[in-house]
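All residue numbers in this chain count up from 1 along the given sequence. Atoms considered below: every heavy atom in the structure, side chains included; atoms not considered: hydrogens, waters and symmetry mates.
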Amino acid sequence: QFEELFEPDELDEILEDIFEKTDEKFKEMLLKDRLEDDKKHAEVLGVSHDVDKRTLQKTYRKLALQYHPDKWSANSAHGLSKEEAEEHFKSIRSSYDHLMANFDE
């Protein structure tokens, strides 16, 4: 049916334009989602979403030592139970891994 309305070259141009616009919107959505994820993970670590690599590594090491299950004691300064500290440590590790992936790109 479209072939009757448009010349083949016109139809190709229209479709190409549609695909380009769709691709641009998709990339924008991916970047927006990535930024939101970065902000969530940065919040866990207490850093900015655009943190530099060295600061990220230093912050991770500090938090990892503070919340590592092997370093936990009943009178830890953070006041978390061992299970809570383990869960927080996992969140810290996950957030660190996510943000470090930005430096691999």
Side-chain angles (χ1 to χ4, degrees):
Q1 216 176 43
F2 286 113
E3 290 83 12
E4 296 170 11
L5 299 172
F6 301 101
E7 293 294 320
D9 288 343
E10 286 179 306
L11 186 57
D12 287 345
E13 285 180 35
I14 292 169
L15 290 174
E16 187 174 318
D17 188 46
I18 290 170
F19 289 136
E20 281 180 24
K21 289 178 180 175
T22 302
D23 191 43
E24 288 172 17
K25 288 291 184 188
F26 182 68
K27 286 178 183 176
E28 287 174 18
M29 287 173 45
L30 287 177
L31 286 173
K32 183 180 176 187
D33 288 347
R34 180 67 184 210
L35 180 60
E36 289 175 14
D37 284 347
D38 285 355
K39 287 180 179 180
K40 288 177 191 173
H41 289 287
E43 189 176 320
V44 170
L45 298 173
V47 297
S48 171
H49 72 278
D50 58 353
V51 64
D52 65 89
K53 188 174 183 178
R54 186 163 189 259
T55 302
L56 178 59
Q57 290 171 327
K58 286 175 66 175
T59 301
Y60 170 72
R61 284 188 201 108
K62 179 182 172 188
L63 291 171
L65 284 173
Q66 185 177 354
Y67 291 96
H68 195 283
D70 292 343
K71 302 287 184 181
W72 182 87
S73 68
N75 58 357
S76 294
H78 51 66
L80 300 177
S81 69
K82 186 168 186 170
E83 293 77 21
E84 291 170 332
E86 286 176 10
E87 286 304 310
H88 193 60
F89 177 76
K90 289 177 188 176
S91 295
I92 290 167
R93 180 63 196 196
S94 175
S95 293
Y96 173 75
D97 289 342
H98 176 88
L99 292 173
M100 281 301 289
N102 292 338
F103 298 103
D104 294 338
E105 299 172 352

Please report the C-alpha distance between Lys53 and Asn102 in whole Å, then the side-chain angles of each, then the deciding distance to 0.1 Å, and finally whether the side-chain contact (heavy atoms from CB on, under 4.5 Å) criterion is met.
CA-CA 9 Å; Lys53 188 174 183 178; Asn102 292 338; over 6 Å; no
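- Between the side chains of His98 and Asp38, at least one donor N or O lies within less than 3.5 Å of an accepting N or O.
- Without hydrogens or angle criteria, Ser76 side chain to Ser73 main chain gives a donor-acceptor distance under 3.5 Å.
- Below 30°, between 30° and 60°, or above 60°: for Tyr96 and Tyr60 the angle between ring planes is below 30°, a parallel geometry.
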Evaluation steps, side-chain contact (heavy atoms from CB on, under 4.5 Å), between Ile18 and Thr22:
CA-CA 6 Å; Ile18 290 170; Thr22 302; 4.1 Å; yes
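- Side-chain contact check for Asp97 and Ser94: no donor-acceptor pair (N or O, by modelled atom type) lies under 3.5 Å.
- Annotation: the span from Leu35 atom CG to Asp50 atom CG amounts to 9.0 Å, rounded to 0.5 Å.
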Between Glu87 and Lys90, does the side-chain contact (heavy atoms from CB on, under 4.5 Å) criterion hold? Intermediate values first, please.
CA-CA 5 Å; Glu87 286 304 310; Lys90 289 177 188 176; 3.5 Å; yes
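- By the ring-ring contact (aromatic ring centres under 6.0 Å, His included) test, Tyr67 pairs with His78, His88, sequence neighbours left out.
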From CA spacing to verdict: side-chain contact (heavy atoms from CB on, under 4.5 Å), Glu43, Lys39:
CA-CA 6 Å; Glu43 189 176 320; Lys39 287 180 179 180; over 6 Å; no
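- A donor-acceptor pair is defined here as one N or O able to donate and one able to accept, closer than 3.5 Å; such a pair exists between the side chain of Thr59 and the backbone of Thr55.
- Formation of a donor-acceptor pair under 3.5 Å by the Trp72 side chain with backbone atoms of Leu80 is found in this model.
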